[in-house]
Amino acid sequence: MPVEPPSPPAVPPSGVPGPEQGDGSVVVERQPAKVVPPPMYQVVMLNDDYTPMEFVVMVLQEYFKRDLETATQIMLKIHHEGRGVCGVYSKDVAATKVELVLAAARRGGHPLQCIMEAA
Ligand code: TYC
């Protein structure tokens, strides 16, 4: 019994070569890469009346890699304005930094608050 060859699909699946040029060759159009940057989060520290300024400066140096002058400026901004951005990171990194800062604050007996929010 004769076996029929499989017939080609009427519509080629998208993303695969097409259309035929007549000589059997095909033109492949490169799709522009759709690169979506990951959502970013800012880590924000809040002011309080009890955490020592020196501790906040140490946190900014240790966990946010700020030099002494920048850390002092950020700390003073928080002190005067109530809040300040320590840095902007991907979700996981921001969440880890918040955890580390809160753990260090609790170890030191300070009420320092640190949150993350969509940048
Ligand atoms: N306001 C605190 C003080 O006068 C200092 C401080 C700064 C506390 C920043 C928290 O996120 C903070 N000792």
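No experiment lies behind these values; they were computed from the predicted model shown. The figures here come from the full heavy-atom set of this structure, side chains too, leaving out hydrogens, waters and symmetry mates. Just follow the structure's listing: the first ligand is 1, and inside any ligand the first atom is 1.
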Give me the nearest non-hydrogen protein atom to atom 8 (C) of ligand 1 as residue plus atom name, then the distance to 0.1 Å.
N47 OD1, 3.4 Å
Please answer whether the main-chain N or O of Y63 pairs with a side-chain N or O of K97 as donor and acceptor at a distance below 3.5 Å.
yes
Protein heavy-atom partner closest to atom 4 (O) of ligand 1 - residue, atom, separation in Å
H79 CE1, 3.1 Å
Hey, does the side chain of T51 reach the backbone of L112 with a donor-acceptor pair shorter than 3.5 angstrom?
yes
In terms of atom number and element, which parts of ligand 1 are under 4.0 angstrom from non-hydrogen atoms of L112?
10 (C), 11 (O), 12 (C)
Counting each atom of ligand 1 from 1 as listed, which ones have a heavy atom of I78 under 4.0 Å away?
9 (C), 11 (O), 12 (C)
Contacting atoms of ligand 1, where contact means under 4.0 angstrom from a heavy atom of L46:
10 (C), 11 (O), 12 (C)
Residue, atom name and distance, where the atom is the protein heavy atom closest to atom 13 (N) of ligand 1:
T51 O, 2.9 Å
Considering only the protein, which heavy-atom contact is closest to atom 2 (C) of ligand 1, and what is its distance?
D48 O, 3.2 Å
Quick check on E117: does its CD atom have over 12 non-hydrogen neighbours (other residues, nucleotides or ligands) under 6.0 Å away?
yes
Side-chain touch H79/M53, heavy atoms, less than 4.5 angstrom:
yes
Residue that, paired with C114, satisfies side-chain contact (heavy atoms from CB on, under 4.5 Å) out of L102, L100, L46:
L102
Short side-chain to backbone donor-acceptor contact, R66 and C86, under 3.5 Å:
yes
